[in-house]
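Residues take their numbers from the sequence shown, with the count starting at 1. Basis for what follows: all heavy atoms, side chains included, without hydrogens, waters or symmetry-related copies.
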Amino acid sequence: MATVAAESPVTAERPVRADLELRLPKPYLARALAAPDVNHPEGTGEGHENGQKSVLQQHVSFFDLDGDGIVYPWETYGGMRAMGFNVIVSFILAIVFNVAFSYPTLPSWIPSPLFPVHIKSIHRGKHGSDSSTYDTEGRFMPVNFESIFSKNARTAPDKLTLGEIWRMTEGNRLQYDFFGWIASKGEWILLYVLSKDEEGFLPREAVRRCFDGSLFEFIAQQRSEAHEKQQ
């Protein structure tokens, strides 16, 4: 089974892995509750509960501070602050996130002035020009997650540089999908700023745990524990 076409150079520039089934059962099967990869076949282990929510719902649930299934702008702000973003950045991100994703998730055609994001229908907020690691119902696609690194990680196999992230988002662009272009770049750059290591790489595990939201929980817990030790 050929994965490279001689008349299509881009298929050689962005290779896919042919050994996934040796390390991960059914990598093409969408996972509803877990975000597995070749290093974590069962997904995130102890310390993260799926709550019978889809992986995309888990990604957003960190910001549902009162657990009512709805994320309001002030909750997004609180979540951003818990992860270490300053007041101004957190305020801007809260406005951008809730304004962008509120209406598609509403149970009604009538907009809400409070810009709530309903987690139950967050799959409606999935935008184009992304990595397709979430499917249209919010499940996790292991094969597409693995392609993030096989296609784009050139400096190190399990890490991404900022330049590689930029080229990835350029390669994922869909025609005339202006919102998707901007949203995808914004999300990846934000993740890079949040999770880059001392050498300036975005680690594979940070990316995987971002998809199921456990990364946010981990960062917030680490910051909380560090704050308690200072007191």
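Enclosure of atom CD1 in I88 is not indicated, since only 12 or fewer non-hydrogen atoms of other residues, nucleotides or ligands lie within 6.0 angstrom. Within a 6.0 Å radius of NZ in K185, more than 12 heavy atoms belonging to other residues, nucleotides or ligands are found. Heavy-atom contacts from other residues, nucleotides or ligands closer than 6.0 Å to CD of E225 number more than 12. Counting non-hydrogen atoms of other residues, nucleotides and ligands closer than 6.0 Å to CD of E49 gives a total of 12 or fewer. Around atom CZ of F218, no more than 12 heavy atoms belonging to other residues, nucleotides or ligands sit under 6.0 Å away.
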Original post:
Y72 and L114: side-chain contact (heavy atoms from CB on, under 4.5 Å), yes or no, with the steps?
Top reply: CA-CA 7 Å; Y72 290 96; L114 297 179; 4.1 Å; yes

**OP:** Mind running side-chain contact (heavy atoms from CB on, under 4.5 Å) on W109 and Y103 for me, showing each step along the way?
**Re:** CA-CA 8 Å; W109 291 100; Y103 189 70; 3.6 Å; yes

**OP:** Go through F101 and T76 one step at a time and tell me if the side-chain contact (heavy atoms from CB on, under 4.5 Å) criterion holds.
**Re:** CA-CA 12 Å; F101 295 104; T76 305; over 6 Å; no

Original post:
Given the rule in the side-chain contact (heavy atoms from CB on, under 4.5 Å) test, do N144 and S131 qualify, once you have shown the distances and angles that lead to the verdict?
Top reply: CA-CA 7 Å; N144 292 337; S131 66; 5.8 Å; no

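Taking the ring centroids of F178 and W181, they lie under the 6.0 Å cut-off. Here F216 and H59 bring their ring centres to under 6.0 angstrom of each other.
One hydrophobic cluster, built from ILVMFWY side chains closer than 4.5 Å, cannot hold both I148 and V38; they sit in different ones. The hydrophobic clustering, which links ILVMFWY residues whose side-chain heavy atoms are closer than 4.5 Å, places L162 and F149 together. One hydrophobic cluster holds both F211 and M168 under the rule that ILVMFWY side chains link at heavy-atom gaps under 4.5 Å. L93 is not connected to F115 by any chain of hydrophobic side-chain contacts under 4.5 Å among Ile, Leu, Val, Met, Phe, Trp and Tyr, and they are in different clusters. Put simply, V99 and F91 are part of the same group of oily side chains (I, L, V, M, F, W, Y) that touch within less than 4.5 Å, one to the next.
When side chains are defined from C-beta on, T161 counts as touching F201, because their heavy atoms get closer than 4.5 Å. At least one side-chain heavy atom of M80 sits under 4.5 Å from a side-chain heavy atom of M83. Using a 4.5 Å heavy-atom cutoff, the side chains of V55 and R139 are not in contact. The side-chain heavy atoms of I219 and F62, taken from C-beta on, include no pair separated by under 4.5 Å. Side-chain contact between T3 and M1 is absent, with no heavy-atom pair separated by less than 4.5 Å. Between I189 and T169, every side-chain heavy-atom pair lies at or beyond the 4.5 Å cut-off. Side-chain contact between L190 and F85 is present, with heavy atoms from C-beta onward closer than 4.5 Å. At a threshold of 4.5 Å between non-hydrogen side-chain atoms, the residues V87 and Y77 count as touching.
Proximity of a side-chain donor or acceptor of N98 to a complementary backbone N or O of V71 within less than 3.5 Å is detected. A donor-acceptor contact shorter than 3.5 Å is absent between the side chain of D212 and the backbone of A35. Listed for the D19 side chain is no donor-acceptor partner under 3.5 Å among the backbone atoms of L22. Under a 3.5 Å cut-off, the side chain of S121 and the backbone N or O of T105 do form a donor-acceptor pair. Side-chain atoms of S150 come within 3.5 Å of backbone N or O of P15 as a donor-acceptor pair. Side chain of E164 to backbone of R154: a donor-acceptor contact under 3.5 angstrom is found. Between the side chain of S184 and the main chain of G180, no donor-acceptor pair closer than 3.5 Å is present.
One finds the OG atom of S102 at 9.5 Å from the CZ atom of F97 (value rounded to the nearest 0.5 Å). Taking CD1 of I182 as the reference point, atom CD of E187 lies at 11.5 Å (rounded to 0.5 Å). The distance from the NE2 atom of H123 to the OG1 atom of T136 is 8.0 Å, given to the nearest 0.5 Å. In this structure, the separation between CG on D64 and CD1 on I122 is 11.0 Å, given to the nearest 0.5 Å. Atoms CG and SG, from L194 and C210 in turn, are 8.0 Å apart once rounded to the nearest 0.5 Å. With values rounded to the nearest 0.5 angstrom, L20 atom CG is found 7.5 Å from S147 atom OG.
Salt bridge annotation for E146-R208: absent, with no cationic side-chain nitrogen under 4.0 angstrom from a carboxylate oxygen.
Nearest heavy atoms, A100 versus P104: O-CD, 3.9 Å. Closest heavy-atom contact between M141 and A30: SD-CB, 3.3 Å. Among all heavy-atom pairs drawn from P36 and L24, the shortest one is CB-CD1, 4.1 Å. Nearest heavy atom pair, residue P73 against residue A94, reads O-CB, 3.4 Å. Contact detail for V16 and K151: the closest heavy-atom pair is CG1-CE, 3.8 Å. Here the closest heavy-atom approach between residue T11 and residue S8 is recorded as OG1-O, 2.7 Å.
A side chain to side chain donor-acceptor pair (under 3.5 Å) with Q58 holds for exactly one of Q52, K53, E217, H48; it is H48.
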